[in-house]
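For reference, the structure discussed in these notes is given below.
Sequence positions, counted from 1, serve as the residue numbers for this chain. Counting convention: from 1, in listed order, for ligands and their atoms alike.
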Amino acid sequence: MPAGPSPRQTQSMSESSSVPRYAVLGNPVAHSRSPFIHEAFARQCGLPMRYERVLSPLDAFEATVRRFAAEGGRGANITMPFKFQVPALAARCSARAVLAGAANVLKFDADGWSADNTDGIGLVRDIQQGAGVALAGRRVLLLGAGGAGAGALGPLVEARPARVVVANRSVGKAEALVARHAAWARQHGVSLRAADLDVDGTFDIVVNATSTSVQGAGVPVSARVRAPGALALDMMYGAAALPFLHWAQAAGANARDGLGMLVEQAAEAFFIFHGVMPAAAPVLEALRAQLDAEARGVAA
Ligand code: ATR
């Protein structure tokens, strides 16, 4: 836990500035790429903005958010482990945040705070626009029913694939997530069911929303789930995504990491904050170049 009166890691608030302030709040937060992404969007759109990292103590998330808003913050991106605490703080919650039970965006409007979840729409845009794979009519396997899986499911269903199977080690969690989305799936004409990791069938799109990659554990399903030419996407990026990407590439699948999803969820958050939709592709390219340079030990 940080010492001192404020957990903020960056510029002092004694600095008076009329430039609108935004931040990413999390714990840890030092690794966050959100400042890079949002500052790049702001430059692209010609908008003045200051974007900070705020380290929230684990037991003082609400107080940290309230302080940032009271000090003039206009909005915040919320990262782990606080996304589940966000809806309770907001006066208004988007339908996708309600379905996910979690939010990653808070906007501090004068008439009350609004919460949204842009993770799922970020994933859908990266699949459809980034990877160029249409979801409509496809068979989708979503691995994982934790926070990441929950954030993805509503927007995935909204894109009207033929079928979505949520497979999870603890099948009860997959069943609960599917039950929460049952009416949503019916409304969109999507067959939705839960399974354990020994799942039957083959899929056109396999999304890994488990934390196995971060743990350095193997891919948690059999290789036979991939249809020929399937898209296999891990929500992680950098070294953490490598085991899954190698698993996908070994069978000739179209392998994709989570960097595009990260940039796309930020683009939607930027739109919520500023009312302008930035172009994600050039920022994704710049971010990937920076990560590659870091991996080679070269300053970007
Ligand atoms: P996140 O917010 O990243 O989704 P989480 O809510 O802790 O994190 O969820 C982690 C997900 O990874 C869960 O789906 C979890 O499965 P369980 O619900 O059965 O715990 C999955 N997971 C973690 N370790 C795993 C492993 N070794 N094998 C398979 N699934 C694993």
Output yes when a side-chain donor or acceptor of [X] lies under 3.5 Å from a complementary backbone atom of [Y], and no otherwise.
| X | Y | answer |
| --- | --- | --- |
| Asn117 | Arg96 | no |
| Arg226 | Ala223 | yes |
| Asp196 | Val171 | no |
| Asp204 | Arg139 | yes |

Return the closest protein heavy atom for [atom] as residue, atom name and distance.
| atom | result |
| --- | --- |
| atom 20 (O) of ligand 1 | Arg169 NH2, 2.8 Å |
| atom 9 (O) of ligand 1 | Gly146 CA, 3.5 Å |
| atom 10 (C) of ligand 1 | Ser211 OG, 3.6 Å |
| atom 28 (N) of ligand 1 | Thr212 CG2, 3.4 Å |
| atom 19 (O) of ligand 1 | Ser170 OG, 2.5 Å |
| atom 13 (C) of ligand 1 | Asn168 OD1, 3.8 Å |
| atom 24 (N) of ligand 1 | Gln215 NE2, 2.9 Å |
| atom 3 (O) of ligand 1 | Ala148 CB, 4.2 Å |

For ligand 1, is there an N or O atom under 3.5 Å from any N or O atom of [X]?
| X | value |
| --- | --- |
| Gly147 | yes |
| Thr210 | no |
| Ala145 | yes |

Practice task
Check the angle between the aromatic planes of Tyr51 and His38 and answer parallel, tilted or perpendicular using the 30° and 60° thresholds.
Solution key: parallel
Exercise for the section: List the steps and the verdict of salt bridge (charged side-chain N to carboxylate O under 4.0 Å, His left out) for Asp111 and Arg92. Expected result: CA-CA 10 Å; Asp111 62 342; Arg92 292 177 296 276; 3.4 Å; yes
Handout entry: Phe82: partners by ring pair (Phe, Tyr, Trp, His ring centres under 6.0 Å), with sequence neighbours left out
Key = Phe61
Exercise for the section: Determine, using heavy atoms of Leu197 and all atoms of ligand 1, whether some pair is separated by less than 4.0 Å. Expected result: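 A heavy atom of Leu197 does come that close to ligand 1.
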Exercise for the section: Applying side-chain contact (heavy atoms from CB on, under 4.5 Å), run through Asn104 and Val86 and close with a yes or a no. Expected result: CA-CA 7 Å; Asn104 66 332; Val86 178; over 6 Å; no
Exercise for the section: Number the atoms of ligand 1 from 1 as they appear, then name those within less than 4.0 Å of a heavy atom of Gly144, with their elements. Expected result: 14 (O)
Practice task
Please collect all ring pair (Phe, Tyr, Trp, His ring centres under 6.0 Å) contacts where either partner lies in residues 160-185, sequence neighbours excluded, each pair once.
Solution key: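 Only Trp184-His188 qualify under ring pair (Phe, Tyr, Trp, His ring centres under 6.0 Å).
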Handout entry: 4.0 Å protein heavy-atom contact status of atom 7 (O) of ligand 1, strictly under
Key = no
